[in-house]
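Lettering of chains follows the sequences in order, A, B, ..., and the numbering in each one begins at 1. Every value quoted in this text rests on a predicted model; they were computed, and no experiment measured them.
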Amino acid sequence: MKPRGLVNTFVGYSILIFFALVFLYPFVIQLANSLKTEPDAAANPLSPLPAPVSFAGFERIFEGTNFPLWLGNSLLVTVVITAGRVFFDSLAGYALARLRFGGRKVIFAAVIAVMAVPGVVLLIPKFLVFNQFGIYDSYTALILPIIVDAAGVFIMKQFFESVPASVEEAARMDGASIFRTYWSVVLPMARPALITLTILSFQGSWNEFPHTLVAVQDPDLFTLPRGLADLVSGSLGVGTQYPLKLGAALLATIPVAIIFVIFQRYFVRGATEGADKG
Amino acid sequence: MSRKRSAVRGGEAVAGWLFVAPVVVILGLFLLLPIVMALWVSLTGWNGQGSPFRSGVPFVGGDNYKALFAEDGLPRQDFMTSIRNNLYYVAIVVPVQTALALTLALVVNQRMLRSKGFFRTAFYFPSVTSSVAISVVFLFIFANSGAVNALLGAVGIDGPVWFNDSRGLVHVLLGTLGVDSPPGALAGHGVLGLTWWDWLSGPSVAMCAIIALVVWTTSGTFMLMFLAALQNMPQQIEEASLIDGANRWQRLRFVTLPMLRPTLFLVLTLGLIGTWQVFDQIYVMSQGNPAKTTLTPAFLSYRTAFKDFEYGRGAAIAFVLFLIIVAMTLLQRWILRERRSS
């Protein structure tokens with residue numbers, strides 16, 4: 001290799017490693033400090049090595065907080081929302097891509113418009129509806145309003161339009177009903193898009209926070225992000241208790257982290273989907 | 001035959017409506033209906049008691065909106081403060097995250113470097129984590145005895161008490177130049193309920209910590225968009241410019257960047273749309289404090305409704321914010337349309 005090439009390679013790696021540290025070291029700090037004693041965390045926040053290693057923070061997460069309850073609620077909410085989005089979004093995406101019916105164009109335009117409505121301006125509006133329907137403070141309010149999402153419908157429609165219709169047409173010729181064709185012919189072909197949608201839905205509903213703020217106030221209905229936010233705002237009582245908070249945040253991050261590592265390319269597809277729709 | 005075909009078509013119409021029904025019903029009930037209801041509430045003085053659609057609820061017309069723009073008082077002062085804070089937030093986050101994302105993409109895309117996958121994963125990972133969980137981590141990192149101040153201490157700088165520090169950056173800078181008290185011309189006059197001195201404060205030190213967090217979490221996603229565009233670039237163009245003897249910088253300046261223009265526009269406008277929606281981080285890290293310098297319209301709207309029980313005004317703030325974001329979205333669609341037709 002020419003000396004210039006070597007220099008370039010060196011500079012390139014230096015930049016990459018510097019930024020890898022910037023992007024990953026906070027997680028190292030998080031893990032390390034969750035295993036420290038409180039005085040140690042305050043005195044040596046940067047150190048990646050707890051001295052001594054202490055599990056007191058984690059013990060208190062399970063004994064002194066409602067963490068197990070939040071975890072249970074998060075699991076329930078995430079599983080139901082993910083299943084719902086995958087089913088309803090793909091159903092609607094398929095209809096919008098393939099079936100001819102009056103009003104199809106209007107509905108698709110509405111879906112596009114809805115995607116542009118930012119979630120934060122809907123907080124008060126959603127609360128009004130929950131209040132009016134009498135579902136405030138229930139699993140229904142936590143789950144039902146976000147069991148479908150416009151972006152998912154859009155992704156599925158785009159996908160169905162990108163695959164040839166010949167196979168399903170053959171199935172229809174053989175006399176299969178539309179739903180039957182959709183269920184046993186179309187869906188199996190749509191695996192990659194369905195996996196993308198599953199992962200985006202899982203990540204989105206697992207991390208969802210503002211919606212829970214206006215849907216519930218009963219601590220028994222808190223999900224992990226809501227419970228974590230509650231910990232931070234001082235429900236712990238004395239001291240900063242950073243090891244405990246960092247540990248709880250770490251546990252809340254792990255499921256998405258695992259899925260991310262396994263299904264990385266689907267995350268990437270989901271992120272760059274935005275680039276195509278512009 | 002034709003009868004059979006029209007029967008099939010009819011079946012398709014029924015199936016089509018059945019298939020989209022769940023999505024249409026739920027989005028209608030929990031998205032469109034709420035917007036209409038909130039529009040009504042923003043014209044009332046509802047305080048959260050009973051139904052907002054009872055006859056006893058006072059109808060106030062445009063008063064809630066007037067209080068935000070045209071009446072001297074705390075509501076306007078708070079609202080304008082939140083707009084100021086968010087403007088500074090946008091002005092820093094959007095250029096910094098775009099530049100960082102572009103830099104990372106260009107470096108990761110270098111052909112001679114290995115383990116690209118690892119670095120891409122490392123940069124993107126923060127984007128997929130929970131905003132609440134990551135805010136907890138950054139609360140610790142920017143704590144008084146936290147990692148950032150430990151780092152600053154190592155190079156001899158006495159770090160600030162990040163989340164208690166309401167000084168604006170511009171004020172801090174002026175302070176180092178010896179301007180400690182506001183000039184009378186700026187402090188004595190103002191517009192829309194804030195003095196010029198307050199408008200020109202810059203983001204507070206506390207806001208800077210939140211800005212750091214947001215740039216750190218969003219850059220990875222935008223890096224992926226740049227990477228996707230870089231990988232779609234035809235190789236021949238790069239090779240041709242190599243043969244023409246262009247050096248690295250000329251290639252970047254005259255070949256790569258012009259071809260990235262559409263993606264650049266996309267990232268910039270997505271940034272403009274996203275930065276007006278900052279909420280989770282504010283809620284967890286600062287609740288709008290210190291001295292309201294991290295108050296944003298999104299958080300103010302929430303606080304006005306659910307803490308002050310001024311639902312009408314809270315809804316009015318949400319609608320103004322909605323208009324701002326819609327304007328950004330239209331700007332984006334307009335810019336991207338321009339490029340498509342050209």
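Using a 4.5 Å cut-off between heavy atoms, Arg98(A) contacts chain B through its backbone alone, with no side-chain atom that close. Heavy-atom distances place both the backbone and the side chain of Val22(A) under 4.5 Å from chain B. Both the backbone and the side chain of Leu139(B) come within contact range of chain A, each with at least one heavy atom under 4.5 Å from a heavy atom of that chain. Of the atoms belonging to Val136(B), heavy atoms from both backbone and side chain fall under 4.5 Å from chain A. Residue contact with chain A, scored on non-hydrogen atoms closer than 4.5 Å, involves the backbone and the side chain of Val108(B) alike. When heavy atoms are compared at a cutoff of 4.5 Å, Ala298(B) approaches chain A solely by way of its side chain, counted from C-beta outward. If you measure heavy-atom distances from Tyr25(A) to chain B, you find no contacts under 4.5 Å at all. With a 4.5 Å cut-off on non-hydrogen atoms, Ile325(B) touches chain A through its side chain but not through its backbone. Using a 4.5 Å cut-off between heavy atoms, Phe87(A) makes no contact with chain B at all. Both the backbone and the side chain of Leu29(B) come within less than 4.5 Å of a heavy atom of chain A. Only the side chain of Ile141(B) comes within less than 4.5 Å of a heavy atom of chain A; its backbone N, CA, C and O stay farther away. Of the atoms belonging to Leu200(A), not a single heavy atom falls under 4.5 Å from chain B. Residue Phe260(A) touches chain B through its side chain alone, counting heavy-atom pairs closer than 4.5 Å. If you measure heavy-atom distances from Ala257(A) to chain B, the contacts under 4.5 Å come from both the backbone and the side chain. Contact annotation for Ser127(B): only backbone heavy atoms (N, CA, C, O) come within less than 4.5 Å of a heavy atom of chain A.
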Assess the residue pair Phe133(A) and Leu33(B) against the criterion (side chain to side chain contact (heavy atoms under 4.5 Å, CB included)); give the C-alpha distance rounded to whole Å, side-chain angles, the decisive distance to 0.1 Å, and a yes or no. CA-CA 12 Å; Phe133(A) 292 172; Leu33(B) 179 63; 3.7 Å; yes
Take Phe19(B) and Ile178(A) through the test side chain to side chain contact (heavy atoms under 4.5 Å, CB included) and record every step on the way to the result. CA-CA 10 Å; Phe19(B) 279 26; Ile178(A) 296 178; 4.0 Å; yes
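Inter-residue side-chain proximity for Ile26(B) and Leu144(A) is flagged as met; some heavy-atom pair is nearer than 4.5 Å. Contact of the Trp206(A) side chain with the Ser130(B) side chain is not registered, since no non-hydrogen atoms from C-beta on lie closer than 4.5 Å. Between Phe322(B) and Leu122(A) the shortest side-chain heavy-atom distance does not fall below 4.5 Å. Using a 4.5 Å heavy-atom threshold, the side chains of Met37(B) and Pro125(A) count as separate. By the 4.5 Å heavy-atom criterion applied to side chains, Phe101(A) and Val14(B) are not counted as neighbours.
Your options are Phe119(B), Phe53(B), Phe319(B), and the one with the most heavy-atom pairs under 4.5 Å with chain A is Phe119(B). The candidate with the highest count of non-hydrogen atom pairs below 4.5 Å against chain B, out of Ser47(A), Ala252(A), Ala42(A), Ala150(A), is Ala42(A). For the set Ile29(A), Ile259(A), Leu224(A), Ile107(A), the entry with the most heavy-atom pairs within less than 4.5 Å of chain B is Ile107(A). Of the listed residues (Leu128(A), Leu228(A), Val114(A)), the one with the most heavy-atom contacts under 4.5 Å to chain B is Leu128(A). Note on Ser135(B), Gly146(B), Ala154(B): by heavy-atom pairs under 4.5 Å with chain A, the leading option is Gly146(B). The most heavy-atom pairs under 4.5 Å with chain B, out of Asp149(A), Val214(A), Val256(A), Leu213(A), come from Leu213(A). Most heavy-atom pairs under 4.5 Å with chain A: of the set Asp280(B), Val128(B), Leu227(B), this distinction falls to Val128(B). Between chain A and the residues Thr221(B), Thr329(B), Leu151(B), Leu32(B), the largest count of heavy-atom pairs under 4.5 Å involves Leu151(B). Of the listed residues Thr253(A), Val153(A), Val117(A), the one with more heavy-atom pairs under 4.5 angstrom with chain B than any other is Val117(A). For the options Trp46(B), Phe222(B), Phe299(B), heavy-atom pairs under 4.5 Å to chain A are most numerous at Trp46(B). In terms of heavy-atom pairs under 4.5 angstrom with chain A, the leader among Phe279(B), Phe125(B), Tyr311(B) is Phe125(B). Of the listed residues Ile15(A), Asn33(A), Ile147(A), the one with more heavy-atom pairs under 4.5 angstrom with chain B than any other is Asn33(A).
Val132(B) and Ala229(A) make their closest contact through CG1-N, 3.9 Å (heavy atoms, listed as atom of the first residue, atom of the second, distance). Residue Val23(B) comes nearest to Ala92(A) through the heavy atom pair CG2-CB, 3.6 Å, listed as atom of the first residue, atom of the second, then distance. The two residues Gly119(A) and Gln277(B) come nearest to each other via the heavy atoms N-OE1, 4.3 Å. Between Ile124(A) and Ala315(B), the shortest heavy-atom distance links the atoms CD1-N, 3.5 Å. Ala122(B) and Leu24(A) get closest at one heavy-atom pair: CB-CD1, 3.6 Å. In this structure, Gly16(B) and Ala95(A) approach most closely via the heavy-atom pair O-CB, 3.9 Å.
Outside the 6.0 Å centre-distance limit, the rings of Tyr124(B) and Phe23(A) are not counted as a close aromatic pair. Ring to ring, Phe209(A) and Tyr283(B) are close: their centroids are under 6.0 angstrom apart. With ring centers used as reference points, Trp216(B) lies under 6.0 Å from Phe27(A).
The aromatic rings of Phe127(A) and Phe306(B) lie perpendicular to each other, with more than 60° between the two planes, well past the 30° mark.
To the nearest 0.5 Å, the span separating CZ on Phe118(B) from CG on Leu16(A) amounts to 10.0 Å. Atoms OH and OG, on Tyr242(A) and Ser145(B) in that order, are 8.0 Å from each other to the nearest 0.5 Å.
In terms of modelled atom types and a separation under 3.5 Å, the side chain of Gln30(A) and the main chain of Val137(B) share no donor-acceptor contact. Side chain of Trp17(B) to backbone of Gly103(A): no donor-acceptor contact under 3.5 angstrom is found.
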